[in-house]
Amino acid sequence: METEAEGEDCGGAEPARNSDPDTHLQPETDDSDDWKETSEPQSGFNSLKNDEVPVSDLIVYEKPFSCSECGKRFGQSGALKRHMRSHTGEKRFSCSECGKRFSRSDGLNVHMRSHSGEKPFSCSECGKRYSFRGDLKIHMRSHTGEKPFSCSECGKRFSRSDCLSAHMRSHTGEKPFSCSECGKRFGKSGDLKIHLRSHTGEKPFSCSECGKKFGKSGDLKIHMRSHTGEKPFRCLICGKSFKQSRSLHKHMKIHEGGK
């Protein structure tokens with residue numbers, strides 16, 4: 001039976017629906033910008049010409065606070081203190097809904113959108129809205145056609161890193177998703193989801209013409225040809241057309257002498 005692949009829609013550019021919102025976390029502010037609040041030159045210093053002050057001295061003047069771990073500089077002691085949590089692992093801010101903890105308040109604020117449903121980021125092309133800036137950035141690739149992630153084995157390109165990771169299993173043979181009913185393993189979570197319908201009997205795809213239900217969208221697509229009369233598979237030798245690819249393969253044996 002010809003089927004249409006389902007599950008992780010890695011042909012497009014939409015973010016995974018069950019992804020952790022925090023993987024798309026892009027804080028509204030950044031420690032590196034804090035120096036701007038106090039970067040106005042003081043009297044005396046302002047009277048000096050730029051070419052009279054070494055660039056290194058200007059940097060130290062504007063960002064006098066330095067991280068003892070990595071050397072990154074900051075304009076305010078508070079910004080340095082917040083930055084140090086990235087080294088210590090301290091997470092002072094806790095979500096009141098699920099208890100997840102964050103090292104920065106803006107990180108918690110972004111996370112709260114996963115509970116409130118707030119979607120402040122809107123696509124300028126189609127108007128679709130997103131809770132996280134990262135999700136909007138990924139969505140925009142569906143308009144631009146950008147595919148920045150490339151397979152090192154075959155060169156195939158993807159718009160999302162998770163789609164590339166799923167694709168790589170076709171080369172490695174890894175099957176991390178296991179059926180709890182029969183133990184059968186799959187390389188994609190979407191394939192496991194489809195397989196589970198064979199145990200549950202779920203048939204979520206319904207024909208709009210006759211109401212017949214199917215467990216796979218590909219099976220519904222094939223069934224619809226019985227209503228539309230569509231025959232997309234055509235023999236290149238005699239021109240005869242068929243509704244299913246397997247029917248065309250069977251037909252080709254006539255031309256191959258039955259082999």
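A quick note: this is a predicted structure, and the numbers were derived from the prediction, not measured.
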| note | Heavy atoms of F93 and R104 approach each other most closely as CD1-C, 3.4 Å
| query | Could you state the interatomic distance from CD1 (I222) to CD (Q244), rounded to the nearest 0.5 Å? | reply | 5.0 Å
| field | Min side-chain heavy-atom separation S247-K250 under 4.5 Å | value | no
| said: If you define the side chain from C-beta out and look only at heavy atoms, does anything of C67 sit under 4.5 Å from M84? | reply: yes
| Any side-chain heavy atom of S103 within less than 4.5 Å of one from E90? | no
| With E146, which residues qualify under salt bridge (Lys or Arg N to Asp or Glu O under 4.0 Å), at least two apart? | R141
| Residues which pass side chain to side chain donor-acceptor pair (under 3.5 Å) with H199, listed by chain and number, not counting sequence neighbours | H195
| said: Could you work out, with side chain to side chain contact (heavy atoms under 4.5 Å, CB included) as the rule, every residue matching R101, not counting sequence neighbours? | reply: K91, S94
| said: Taking atom NE2 as the centre, does H249 end up with more than 12 heavy-atom neighbours from other residues, nucleotides or ligands that are less than 6.0 angstrom away? | reply: no
For residues 234-241, which side-chain N or O atoms pair as donor and acceptor with protein atoms under 3.5 Å away, sequence neighbours left out?
none

| query | Between atom SG of C70 and atom CZ of R73, what is the distance when rounded to the nearest 0.5 Å? | reply | 11.5 Å
| query | Taking only residues two or more places apart in sequence, or in another chain, which ones meet H251 in a ring pair (Phe, Tyr, Trp, His ring centres under 6.0 Å)? | reply | F242, H255
| message | Return the OG1 to NE2 distance between T88 and H83, rounded to the nearest 0.5 Å. | response | 10.0 Å
| task | Give every residue pair that meets the side chain to side chain donor-acceptor pair (under 3.5 Å) criterion with at least one member in residues 175-186, sequence neighbours excluded. | result | none
| note | To the nearest 0.5 Å, atom NZ of K212 lies from atom OG of S226 at 8.0 Å
| Under 4.5 Å between any side-chain heavy atoms of F121 and R113, yes or no? | yes
| note | In short, L248 meets F233 closest at the heavy-atom pair CD2-CB, 3.9 Å
| field | Point-to-point distance, once rounded to the nearest 0.5 Å, from NZ of K100 to CE of M112 | value | 13.0 Å
| query | Taking atom CG of L164 and atom CZ of R169, what is their separation to the nearest 0.5 Å? | reply | 10.5 Å
